[in-house]
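Here is the structure we will look at.
Quick note on labels: first sequence line is chain A, next is B, and so on, each numbered from 1.
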Amino acid sequence: MPELPEVETIRRGLGPLVTGRRILGVEVRDKRLREPIRPEQLRRLRGAEVEGIRRRSKYLLIDTSARLTLLVHLGMTGQLWVADRGRPRRAHEHVVIQLDDGRDLRFADTRRFGLLRVLRSDRIDLDPRIMGLGPEPLDPALDGAALFRATRGRRKPIKNFLLDTRSIAGVGNIYACEALHRSRIHPKRPVGRIGEEAWGRLLGELRGVLNEAIAAGGTTLRDFLNAEGEVGYFAFSLRIYDRERKPCGRCAATVRRIVQAGRSTFYCPRCQR
DNA sequence: CGGTGGACCTGCTGGC
DNA sequence: TGCCAGCAGGTCCACC
């Protein structure tokens, strides 16, 4: 489900709903995630006040006054939202965090690829999951020249590079395909054969599509819902993703699907070189 | 260095 | 109608 724009959409929606709220209790109904939830860890949040929510790559970081941070990853089908206490449970609702305003912060995850962990706030940057992440694409300090320098002599296909969170954080399958299509770059082009100017344009197109998706509230193809349980509308603006055998919106050639790194890549064989 | 394939899970779709 | 292969927005690992 969620790539950078979807996680950012949740962060923005959740912020005003939970910041300043005190955590009254934590209920773990099902701890079977890929890495099992540790209820005794989550219960340490009881009594703490939520101070704010940050995002790093596709992770949400919920900081509390107990100097503990709740680290959340939504995997493929994770959902995190606020609901009035007493609202019926959603399917696969695994965790309920009771807030002091009569509402709950709830976590559901059909496929259980998500992650929920409590970390010491002062040690987050030492967590191996966070430590290994590459630069944020929307960070103004990042530029095409840096990406150009980082990729000299490397032969990794650009699509695989974009999907690797150690190179650039937060880009997933949808936005990697869309950014390459907008940049007219073939998904198999080795990163070492992309010039400095082209890196600048690619980064610009990547930022463009990410920002437009955030403005539209994210992409809902199947499960994505924001912090208030609503869908996002960027699916209507996708130009290449999931359009196999349909015409390319720019040149009318037929969109192709190939597999790279075990994932579907959609591209236009005419305008992406 | 880089690629593939599989693992982890559940649910939906499309073809027969 | 029913079954089943294939696929899904993410990571992580073993192996070539």
Looking across every strand, which nucleic acid part, if any, lies under 4.0 Å from Tyr175(A) by heavy atom: base, sugar-phosphate, or nothing?
-> nothing

When both distances are under 3.5 Å in a Watson-Crick or G-U wobble arrangement, the nucleotide paired with dA8(C) is dT10(B)

Considering only the P atoms, how many Å lie between dC9(B) and dC4(C), rounded to the nearest integer?
-> 22 Å

Gap between atoms NZ and C1', on Lys31(A) and dC8(B) respectively (whole Å) = 19 Å

Which is true for Arg32(A) with a 4.0 Å heavy-atom rule: it touches a base, it touches only sugar-phosphate, or it touches nothing?
-> nothing

Rounded to the Å, how far apart are Arg263(A) CZ and dT11(C) P?
-> 8 Å

Across all strands, who's sitting opposite dG15(B) as a Watson-Crick or G-U wobble pair, both distances under 3.5 Å?
-> dC3(C)

Using 30° and 60° as the class limits, which term best fits the ring planes of Phe236(A) and Tyr233(A): parallel, tilted or perpendicular?
-> parallel

Can Lys156(A) and Asp164(A) be counted as an ion pair, charged N to O under 4.0 angstrom?
-> yes

Name the nucleic acid region contacted by Arg166(A), choosing base, sugar-phosphate or nothing; use a 4.0 angstrom heavy-atom cut-off, strictly under.
-> nothing

For Phe224(A) and dG9(C), are the ring centres under 5.5 Å apart with planes inclined under 30°?
-> no

Rounded off to whole Å, could you give me the CG-to-P distance for the Leu74(A) and dC9(B) pair?
-> 18 Å

dA8(C) base to Arg111(A) side chain: any donor-acceptor pair below 3.5 Å?
-> yes

Lys/Arg N to Asp/Glu carboxylate O, Asp104(A) vs Arg87(A), below 4.0 Å | no

